[in-house]
Amino acid sequence: MLAIIQHNFTGIDGLTVSQRPQPHLTAEGVLIAMETLPVVPSDWHKETNPHATAEQAAQLPRVIGIGGVGTVIAVGQHRDQQLLNQRVLVMHPQGSYQEVICNTNPDWLFPLPDTLSNEAAATLTAGPGTALVLANFIKQHPSDQIMMTGANSVIGLILCQLLGPAYPGLTPIVSPASQAYFHHILPDFPCYLANHVKTTTGRTLLIDIAGSPRLLQQLSATQHPAEIVSIALQSTELTVPFTFVHEDFDPLIYQHFIQDVTDQKLQLPIDRSFTFMDTQLAQHYAKDTHSRGRVLVDLRH
């Protein structure tokens with residue numbers, strides 16, 4: 001079977017499409033033919049730096065990817081036999097960018113309703129759970145102003161929806177090129193350019209989704225944040241209290257999000273899909289262009 005392999009830390013262009021043996025079905029396993037995979041920043045970060053994420057995935061070679069959507073093609077004797085032929089969302093941090101994976105953890109496998117598309121379900125990977133962590137942090141640390149970089153990203157847009165347009169002090173920050181896009185997706189929400197944010201004297205909590213040290217420095221020079229909370233950077237040279245946060249996986253949360261997306265209570269922006277053989281192009285597109293929703297890789301074409 002085909003898989004996308006990282007052999008070194010030279011970046012996206014160091015990835016290869018390689019042949020690997022298909023995993024064997026175990027008594028505790030479920031074989032899944034993968035169909036739709038999300039392109040997530042953690043992958044291209046890991047492809048350049050072994051310490052880019054909390055997982056510190058330095059064991060090479062490795063299959064990239066942390067999850068996706070597929071169809072169950074075989075079920076081990078100790079698993080629920082009704083899973084056979086079901087579409088599922090699966091979390092697979094051992095590497096999901098391969099034609100077939102073997103899931104051995106029932107908590108990481110989520111059958112999908114017929115009305116939920118592969119694309120929407122795949123976008124749930126590495127998005128809503130992280131946004132929920134940020135939302136809870138914000139609610140537990142009352143502030144006069146919540147400045148959010150990368151508000152036009154998938155996680156930023158979800159975070160805005162979790163908080164709501166009337167959340168006190170919410171200040172989503174976008175680039176000039178992304179302002180119209182943000183308003184198109186969330187017309188009820190305000191958004192601001194970094195240069196146009198007014199200086200405030202109250203407590204400012206700076207939520208960093210964009211991962212831009214330059215932008216953090218620019219905002220810190222005028223806003224004097226009480227604290228910076230980042231999902232993209234693990235440290236900063238700024239003399240400001242700094243916290244790095246990441247998602248603590250909870251299957252109940254994902255079941256809740258699946259239902260919310262199915263019921264259209266939560267919008268998950270989707271940009272475009274690439275073929276499996278064009279995974280490098282997909283990562284370059286997601287990394288080098290302004291975020292317009294989740295980029296996907298489709299194994300069905």
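Because the structure is predicted, anything quoted here is derived from the model rather than measured.
- To the nearest 0.5 Å, atoms OH (Tyr254) and CD (Glu247) are separated by 3.5 Å.
- In terms of the side-chain contact (heavy atoms from CB on, under 4.5 Å) criterion, residue partners of Asp13 (sequence neighbours excluded) are, by chain and number, Gln280, His284.
- Residue Met34 is grouped with residue Val17 when hydrophobic side chains (ILVMFWY) are merged at heavy-atom distances under 4.5 angstrom, including chains of intermediate members.
- With hydrogens and angles disregarded, a donor-acceptor distance shorter than 3.5 Å links the side chain of Thr48 to the backbone of His45.
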Criterion side chain to side chain contact (heavy atoms under 4.5 Å, CB included) on Val100 and Ile32, from CA distance to verdict: CA-CA 5 Å; Val100 177; Ile32 304 165; over 6 Å; no
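- Residues Pro38 and Thr125 approach most closely at CG-CB, 3.6 Å, considering heavy atoms.
- Both Met147 and Ile228 are part of a single hydrophobic cluster, where members link through side-chain heavy atoms under 4.5 Å apart.
- Between Val88 and Val72 there is a side-chain heavy-atom pair separated by less than 4.5 Å.
- Taking the side-chain contact (heavy atoms from CB on, under 4.5 Å) definition, one finds that Thr222 meets it with Thr199, sequence neighbours left out.
- Counting only N and O atoms by type, the side chains of Glu47 and Gln283 include a donor and acceptor under 3.5 Å apart.
- The salt bridge (Lys or Arg N to Asp or Glu O under 4.0 Å) pairs that include a residue from residues 268-289 number zero, where partners must be two or more places apart or lie in different chains.
- At a threshold of 4.5 Å between non-hydrogen side-chain atoms, the residues Ile5 and Leu15 do not count as touching.
- One hydrophobic cluster, built from ILVMFWY side chains closer than 4.5 Å, cannot hold both Val90 and Ile73; they sit in different ones.
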For the pair Thr104 and Val30, evaluate side chain to side chain contact (heavy atoms under 4.5 Å, CB included) and give the outcome as yes or no after the intermediate values. CA-CA 6 Å; Thr104 57; Val30 173; over 6 Å; no
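- Between Pro111 and Gln86, the closest heavy-atom pair is CB-OE1, 3.1 Å.
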Stepwise, does the side-chain hydrogen bond (donor to acceptor under 3.5 Å, both in side chains) test hold for Asp208 with Thr149? CA-CA 5 Å; Asp208 172 46; Thr149 73; 3.1 Å; yes
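- Annotation: the span from Ile12 atom CD1 to Thr279 atom OG1 amounts to 11.0 Å, rounded to 0.5 Å.
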Step-by-step side chain to side chain contact (heavy atoms under 4.5 Å, CB included) determination, Asp260 to Ile258: CA-CA 6 Å; Asp260 276 356; Ile258 287 171; over 6 Å; no
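- Taking CD1 of Ile207 as the start and CG of Leu170 as the end, the distance is 10.0 Å to the nearest 0.5 Å.
- Judged as a ring pair (Phe, Tyr, Trp, His ring centres under 6.0 Å), not a single pair has a partner in residues 147-182 (not counting sequence neighbours).
- Rounding to the nearest 0.5 Å gives a distance of 9.5 Å between CG of Leu186 and SG of Cys191.
- Side-chain atoms of Thr204 never come within 3.5 Å of backbone atoms of Pro225 as a donor-acceptor pair (strictly under, hydrogens ignored).
- In this structure a side-chain-to-backbone donor-acceptor pair under 3.5 Å is missing from Thr16 to Ser18.
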Just distance, no hydrogens or angles: give the donor-acceptor pairs under 3.5 Å from side chains in residues 150-166, sequence neighbours left out.
from	atom 1	to	atom 2	distance (Å)
Asn152	ND2	Ser178	OG	3.4
Ser153	OG	Gly150	O	2.6
Ser153	OG	Gly156	N	3.0
Gln161	OE1	Gln267	N	2.8
Gln161	NE2	Leu157	O	3.3
Gln161	NE2	Gln267	O	3.0

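- Sorted by first then second residue, the side-chain hydrogen bond (donor to acceptor under 3.5 Å, both in side chains) pairs that include residues 75-85, not counting sequence neighbours, are Glu28-His78, Arg79-Asn103.
- Applying the side-chain contact (heavy atoms from CB on, under 4.5 Å) test to Ala180 and every residue at least two apart in sequence or in another chain returns nothing.
- Residues Asn118 and Arg87 meet the side-chain proximity criterion, which asks for heavy atoms closer than 4.5 Å.
- Using a distance-only test at 3.5 Å, with no hydrogens or angles considered, a donor-acceptor pair links the side chain of Ser212 to the main chain of Leu215.
- Hydrophobic clustering (ILVMFWY, side-chain heavy atoms < 4.5 Å, transitive): Met91 and Leu112 are in one cluster.
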Audit row: Val197, Ile173, side chain to side chain contact (heavy atoms under 4.5 Å, CB included) steps and yes/no: CA-CA 8 Å; Val197 177; Ile173 296 174; 4.2 Å; yes
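- A salt bridge between Arg203 and Glu227 is present, with a side-chain N of the basic residue lying under 4.0 Å from a carboxylate O of the acidic one.
- Side-chain atoms of Ser96 never come within 3.5 Å of backbone atoms of Gly68 as a donor-acceptor pair (strictly under, hydrogens ignored).
- Summarising the local packing, CD of Gln217 is surrounded by 12 or fewer heavy atoms from other residues, nucleotides or ligands at distances under 6.0 Å.
- Checked against side-chain contact (heavy atoms from CB on, under 4.5 Å), Ser235 has no partners two or more places apart in sequence or in another chain.
- Listed by first and then second residue, the side-chain hydrogen bond (donor to acceptor under 3.5 Å, both in side chains) pairs that reach into residues 183-198 are Asn195-Gln218, sequence neighbours excluded.
- Inter-residue side-chain proximity for Arg294 and Val40 is flagged as met; some heavy-atom pair is nearer than 4.5 Å.
- To the nearest 0.5 Å, atom CG of residue Leu219 and atom NE2 of residue His224 are 11.5 Å apart.
- For Phe274, the ring pair (Phe, Tyr, Trp, His ring centres under 6.0 Å) criterion is met by Tyr285, not counting sequence neighbours.
- Residue Met1 qualifies as enclosed at atom CE: its count of foreign heavy atoms under 6.0 Å is above 12.
- In this structure, the separation between CD on Glu237 and CG on Leu233 is 11.0 Å, given to the nearest 0.5 Å.
- Residue Val69 is not grouped with residue Val75 when hydrophobic side chains (ILVMFWY) are merged at heavy-atom distances under 4.5 angstrom, including chains of intermediate members.
- Without hydrogens or angle criteria, Gln6 side chain to Asn8 main chain gives a donor-acceptor distance under 3.5 Å.
- A donor-acceptor pair is defined here as one N or O able to donate and one able to accept, closer than 3.5 Å; no such pair exists between the side chain of Arg20 and the backbone of Ile4.
- Residues Trp108 and Pro93 share a closest heavy-atom pair of CZ3-CD, 3.3 Å.
- Between Ser175 and Leu193 the shortest side-chain heavy-atom distance does not fall below 4.5 Å.
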Residues 127-141 side chain polar contacts: donor-acceptor under 3.5 Å, at least two apart:
from	atom 1	to	atom 2	distance (Å)
Asn136	ND2	Leu132	O	3.4
His141	ND1	Phe137	O	2.8

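- Across every non-hydrogen atom of Gly67 and Leu37, the tightest pair is O-CD2, 3.7 Å.
- Thr236 places a side-chain N or O within 3.5 Å of a backbone atom of Leu238 that can act as its donor or acceptor partner.
- Across Ala282 and Val39, no two heavy atoms sit closer than the pair CB-CG2, 3.9 Å.
- Applying the salt bridge (Lys or Arg N to Asp or Glu O under 4.0 Å) test to residues at least two apart or on different chains, the pairs with a partner in residues 99-128 are Glu119-Arg300.
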